[in-house]
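All remarks here apply to the structure that follows.
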Amino acid sequence: MEIIRTVDRLSQILSVAKEQGKTIGLVPTMGALHDGHLSLIERARRENDIVVVSVFVNPTQFNNPDDLRTYPRTEEADCIKLDNAGVDIAFVPSVEEIYPEPDTRVFDLGPVAEVMEGAMRPGHFNGVAQIVSKLFRMTRPTRAYFGEKDFQQIAVIRRMACIEGFDSLEIVSCPIKREADGLAMSSRNVRLSPENRKAAPAIHRILSESVNNASAASVAEVTESVIKQINAVDGLEVEYYQIVDADTMQPITDWDATRQAVGCVTVYAGDVRLIDNIKY
């Protein structure tokens, strides 16, 4: 595995690969890698000739300075995991390399970016669009891989790819990887206190139970029940829970009004913000 820190070197290597007709799989990450990331890498390894994993904590997508400051950074351990996973290129740039000057682009991401995370974290998705569009241009991948834990983010990235003209790029969404007790894997999980780590699996358990009850209840009743049950768990507090259309991300009021309904939740476990979702 080669660790690359400059755009010029990355472009040089990948241009040769492209000329040789090789396919490139990109897995964008912010590091602090776990088995969820590795599952994306495993799929990229199966489906492409060359696998590139970016490790970059992107400052433009953090609307909370404290969240940026406390985000875990484990570069040395990450590179060992990437090497063991058979990655060809670890792209580990500095902030100055990615943003030699401020990125002032504002993307017209539309309604998919205006609800839930978009409403709670102003500017977050524009920052995501900035960094992912840069990575797409730098690597020119055949396929790019994203985890469904960030379900809304995938819709936003698809929208960005459309308006930016990445027509030939395949965006691959991959199932959520969970701990044995059901907690969605996240780099932020390491910040959970022992008490909150013990409580956090209740999120997925309650979401799963709500699917079983959905046939006998309205969207509004399921929503209210999920929020009430999670808030009843010591240490957990729901920021939002919305049941939305899987394509548009817009809230639904009737189960029959959508091809696929998805329940998206954000929960504070102490001061750690966790997200999860479930398909109905």
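- Atom CG of L10 and atom CZ of R5 lie 13.0 Å apart (nearest 0.5 Å).
- In this structure a side-chain-to-backbone donor-acceptor pair under 3.5 Å is present from T23 to D49.
- Here D88 pairs with R45 in a salt bridge; the nearest charged N to carboxylate O distance falls below 4.0 Å.
- Within the 4.5 Å cutoff, the side chain of M138 has heavy atoms near those of the I98 side chain.
- Other residues, nucleotides and ligands place no more than 12 heavy atoms under 6.0 Å from the CD atom of E76.
- Looking only at side-chain heavy atoms (C-beta outward), L14 and I89 come within less than 4.5 Å of each other.
- Here Y145 pairs with E47, N48 under the side chain to side chain donor-acceptor pair (under 3.5 Å) rule; sequence neighbours left out.
- Annotation for T258 and Q260: closest pair OG1-O, 3.0 Å, computed over non-hydrogen atoms.
- Under the 4.5 Å side-chain heavy-atom criterion for ILVMFWY residues, a single connected hydrophobic cluster contains both I252 and I278.
- In the hydrophobic clustering of this structure, L68 does not group with I275; members are Ile, Leu, Val, Met, Phe, Trp, Tyr whose side-chain heavy atoms approach within less than 4.5 Å, directly or through other members.
- When all heavy atoms of A17 and I50 are compared, the closest pair comes out as CB-CD1, 3.3 Å.
- Here the side chain of Q130 pairs a donor or acceptor atom with the backbone of R105 at under 3.5 angstrom.
- A184 and I176 get closest at one heavy-atom pair: CB-CG2, 3.9 Å.
- For K177 and E42, the salt-bridge test fails: no basic side-chain N is under 4.0 Å from an acidic carboxylate O.
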For the pair R140 and S11, evaluate side chain to side chain contact (heavy atoms under 4.5 Å, CB included) and give the outcome as yes or no after the intermediate values.
-> CA-CA 9 Å; R140 295 181 296 148; S11 176; 5.7 Å; no

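- Scanning for side-chain contact (heavy atoms from CB on, under 4.5 Å) contacts around K198 gives an empty result, with sequence neighbours left out.
- We find that R69 and D66 are joined by a salt bridge, their nearest charged nitrogen and carboxylate oxygen being less than 4.0 Å apart.
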Given V115 and V244, is the side chain to side chain contact (heavy atoms under 4.5 Å, CB included) satisfied, shown in steps?
-> CA-CA 10 Å; V115 295; V244 303; 5.7 Å; no

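- M249 and I243 are members of different hydrophobic clusters when ILVMFWY side chains are connected at heavy-atom separations under 4.5 Å.
- Applying the ring-ring contact (aromatic ring centres under 6.0 Å, His included) rule to pairs touching residues 113-144 yields F136-F166, sequence neighbours excluded.
- Proximity of R197 to D181: side-chain heavy atoms (C-beta onward) are separated by under 4.5 Å at one or more points.
- Listed by first then second residue, pairs satisfying salt bridge (charged side-chain N to carboxylate O under 4.0 Å, His left out) with a partner in residues 246-257 read D247-R259, not counting sequence neighbours.
- Counting only residues at least two apart or on different chains, the salt bridge (charged side-chain N to carboxylate O under 4.0 Å, His left out) pairs with a member in residues 208-220 are R205-E209.
- Note on residues 56-112: pairs passing ring-ring contact (aromatic ring centres under 6.0 Å, His included), not counting sequence neighbours, are F62-Y71.
- The distance from atom CZ of R143 to atom OG of S168, rounded to the nearest 0.5 Å, is 11.0 Å.
- Taking both residues in full, the closest heavy atoms of S187 and A32 are given as OG-O, 2.9 Å, listed atom of the first, atom of the second, then distance.
- Residues near V106 contribute nothing to a hydrophobic cluster around it, because no ILVMFWY side-chain heavy atom sits closer than 4.5 Å to its side chain.
- When all heavy atoms of P28 and S54 are compared, the pair lying nearest together is CA-OG, 3.1 Å.
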Start with the C-alpha gap between L207 and V211, add the side-chain angles, then the distance that decides, and say whether side chain to side chain contact (heavy atoms under 4.5 Å, CB included) holds.
-> CA-CA 7 Å; L207 291 179; V211 174; over 6 Å; no

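- With rounding to the nearest 0.5 angstrom, the SG atom of C264 is 10.5 Å from the CG atom of D150.
- Inter-residue side-chain proximity for N189 and L274 is flagged as met; some heavy-atom pair is nearer than 4.5 Å.
- In this structure, OG in S133 is found 10.0 Å from CD1 in I157, a value given to the nearest 0.5 Å.
- A side-chain donor-acceptor contact under 3.5 Å links T223 to the backbone of V219.
- In this view, E97 satisfies the salt bridge (Lys or Arg N to Asp or Glu O under 4.0 Å) rule with no residue, not counting sequence neighbours.
- For the salt bridge (charged side-chain N to carboxylate O under 4.0 Å, His left out) condition, the pairs that include at least one residue of residues 155-166, sequence neighbours left out, are D108-R159, R137-E164.
- Side-chain contact between D67 and R188 is present, with at least one heavy-atom pair separated by less than 4.5 Å.
- Two different hydrophobic clusters hold I206 and M116 under the rule that ILVMFWY side chains link at heavy-atom gaps under 4.5 Å.
- With hydrophobic clusters built from ILVMFWY side chains whose heavy atoms lie under 4.5 angstrom apart, I80 does not share a cluster with V53.
- Counting only residues at least two apart or in different chains, ring-ring contact (aromatic ring centres under 6.0 Å, His included) contacts with residues 225-280 comprise W255-Y280.
- Residue pairs meeting the salt bridge (charged side-chain N to carboxylate O under 4.0 Å, His left out) criterion with at least one partner in residues 233-243, sequence neighbours excluded, are E239-R273.
- Taken from CG in N213 to OG in S208, the straight-line distance is 11.0 Å, to the nearest 0.5 Å.
- Partners of N277 according to the side chain to side chain donor-acceptor pair (under 3.5 Å) rule, which considers only residues two or more places apart in sequence or in another chain, do not exist here.
- K18 places none of its side-chain heavy atoms less than 4.5 Å from the side chain of S15.
- Residues P201 and E179 have side chains not in contact (no heavy-atom distance under 4.5 Å, counting atoms from C-beta outward).
- Taken to the nearest 0.5 Å, the OG atom of S186 stands 9.5 Å off from the CZ atom of R191.
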Going through the checks in order, is the side chain to side chain contact (heavy atoms under 4.5 Å, CB included) test met by V262 and Q152?
-> CA-CA 10 Å; V262 180; Q152 185 181 8; over 6 Å; no

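- Side chains of D78 and L33 form a contact here, defined as non-hydrogen atoms less than 4.5 Å apart.
- Between D276 and H204, the shortest heavy-atom contact is OD2-CB, 4.0 Å.
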